[in-house]
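Report on the following structure.
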Number of protein chains: 2
Amino acid sequence: MRETGVKDRILETASRLFYDQGYNQTGINQIIDEADIARASLYHHFPSKTDLLLAYLDRTHELWFEELEIHMRPIAGARERLLALFDFRVRRQLKLKYKGCHFNKIVAEACEDPQVFDRVRAHKDRFRKYIYDLVRQTGHRHTDDDTLADTIFLLLEGGIAMGALYRSPEYTEKGRRIVASFL
Amino acid sequence: MRETGVKDRILETASRLFYDQGYNQTGINQIIDEADIARASLYHHFPSKTDLLLAYLDRTHELWFEELEIHMRPIAGARERLLALFDFRVRRQLKLKYKGCHFNKIVAEACEDPQVFDRVRAHKDRFRKYIYDLVRQTGHRHTDDDTLADTIFLLLEGGIAMGALYRSPEYTEKGRRIVASFL
DNA sequence: GTCTATAAAATGATAGAC
DNA sequence: GTCTATCATTTTATAGAC
């Protein structure tokens, strides 16, 4: 069993469990069992559970934007691309069974660790910038360039949160229709 | 020490800790210590930690709408009342130090208990209806009565979530400005 | 109803052999 | 680097005296 294989399997298993069950409800023992690795192997690669959490956030952040790029690649036109952000989120909700935003979930678990907050903020900041750039391309040259971008961002965040509660994409879809009426 | 006094003190202490630290990160022992009651007294009034959680949700729900009523009472006019919803949320964010929505936090902690989900949905349903009723009073007799209400609801939810992340009321305030431009 | 003592299991993390 | 055995805490919950 190659080292990288083991390390990856640990991180993949931990990622799945952290998202499905919650970080605090996932014990080290369960990760060891389900990844089928030795106890000491986990602590060799990740000295503490917090290190595993930070690696989870980094990995999820990377995968998130990779999937976004794949989704957005074939879509042309700033207006259509803005609406595609909602489609991207709806598709993810379906795929992930409406368990909400990976990052907001971790913040909600009352983790006070500043390293965690920094990573989550960095993730949201980057996505917000992505929206802002698209809005500018629509030709909306009003003073409220940013207001439109903020609206889209908040509707997406609200839609994901309510999707997790109602186990439904309907709020994200409502957000899409609202934005479509603006553009 | 009267029974009701003990029971109330347990629930008050648990409520504070569940919100500040998170439900899963709060142990029964800490509640017993900080409420300064006997171990068996807690289990007498609340047979399990889940019972305590359900009582917390019920209590928070009641207090939430009581505080909303107090905030809204002096405000006249449907438009002003709709905007006052944002002010109410901003004021709460300041008071509660930006720890987010009590109810969304519990859902995010990956509690699968249907009794929990039912209570959180009931809370959101009631607030959503509150918004819908106000929107109808504005005279907005468009087909998109509900769309406006949904917009307000989602902007509020997104604002609270981002408030918890950025420890700032700015996103809720942005939501207010967005809605003010509609009305 | 409240008390203390304790159970039974799970937690995150470490030691030392190989 | 991987293994097994184990530690010290902490977890939720119960028993039985008063």
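A note on names: the letters A, B, ... follow the listed sequences, proteins ahead of strands, and every chain is numbered from 1.
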In whole Å, I'd like the distance from the CZ atom of B:F46 to the C1' atom of C:dG1. 15 Å
Which pair of heavy atoms, one from B:Y56 and one from B:S15, lies closest together, and at what distance? CD1-OG, 3.4 Å
Taking pairs as Watson-Crick (N1-N3 plus N6-O4 or O6-N4) or G-U wobble (N1-O2 and O6-N3), each distance under 3.5 Å, the stems of three or more consecutive pairs with DNA chain D are C:1-18 with D:1-18
State, yes or no, whether a side-chain contact exists between A:D113 and A:L53 at a heavy-atom distance under 4.5 Å. no
Judged by modelled atom types alone, do B:R177 and A:T147 share a side-chain donor-acceptor pair under 3.5 Å? no
Please state how far atom CG in A:L17 lies from atom C1' in C:dT11, giving the value in whole angstrom units. 16 Å
Atom CG of B:L42 and atom C1' of C:dT4: how far apart are they, to the nearest Å? 15 Å
To the nearest angstrom, the CD1-C1' distance between A:I10 and C:dG12 comes to 15 Å
Heavy atoms, side chains only, cut-off 4.5 Å: are A:N104 and B:N104 in contact? no
Residues A:E157 and A:R89 bridged, charged N to O under 4.0 Å: yes
Residues B:F127, B:H123; criterion ring pair (Phe, Tyr, Trp, His ring centres under 6.0 Å); working and verdict: CA-CA 6 Å; B:F127 184 50; B:H123 174 76; 7.2 Å; no
Between the side chains of A:Q21 and A:T26, does any donor sit under 3.5 Å from an acceptor? yes
Nearest to the side chain of B:H45 - C:dC3, C:dT2, D:dT4? C:dT2
Identify all pairs in which a protein N or O lies below 3.5 Å from an N or O of nucleotides 13-15 of chain D, and state each distance.
{"from": "D:dA13", "atom 1": "OP2", "to": "B:K49", "atom 2": "N", "distance (Å)": "2.9"}
{"from": "D:dA13", "atom 1": "N7", "to": "B:Y43", "atom 2": "OH", "distance (Å)": "3.3"}
{"from": "D:dA13", "atom 1": "N6", "to": "B:R39", "atom 2": "NE", "distance (Å)": "2.2"}
{"from": "D:dA13", "atom 1": "N6", "to": "B:R39", "atom 2": "NH2", "distance (Å)": "2.7"}

Over how many whole Å does the gap from B:R9 atom CZ to C:dG1 atom P extend? 16 Å
Could you check A:Q93, A:R91, A:R92 and say which one makes a side chain to side chain contact (heavy atoms under 4.5 Å, CB included) with A:T172? A:Q93
Rounded to the Å, how far apart are B:I31 CD1 and D:dT10 P? 16 Å
Between C:dG12 atom C1' and A:N24 atom CG, what is the distance in whole Å? 12 Å
Given atom CD1 of A:I32 and atom P of C:dT14, what is their separation to the nearest angstrom? 13 Å
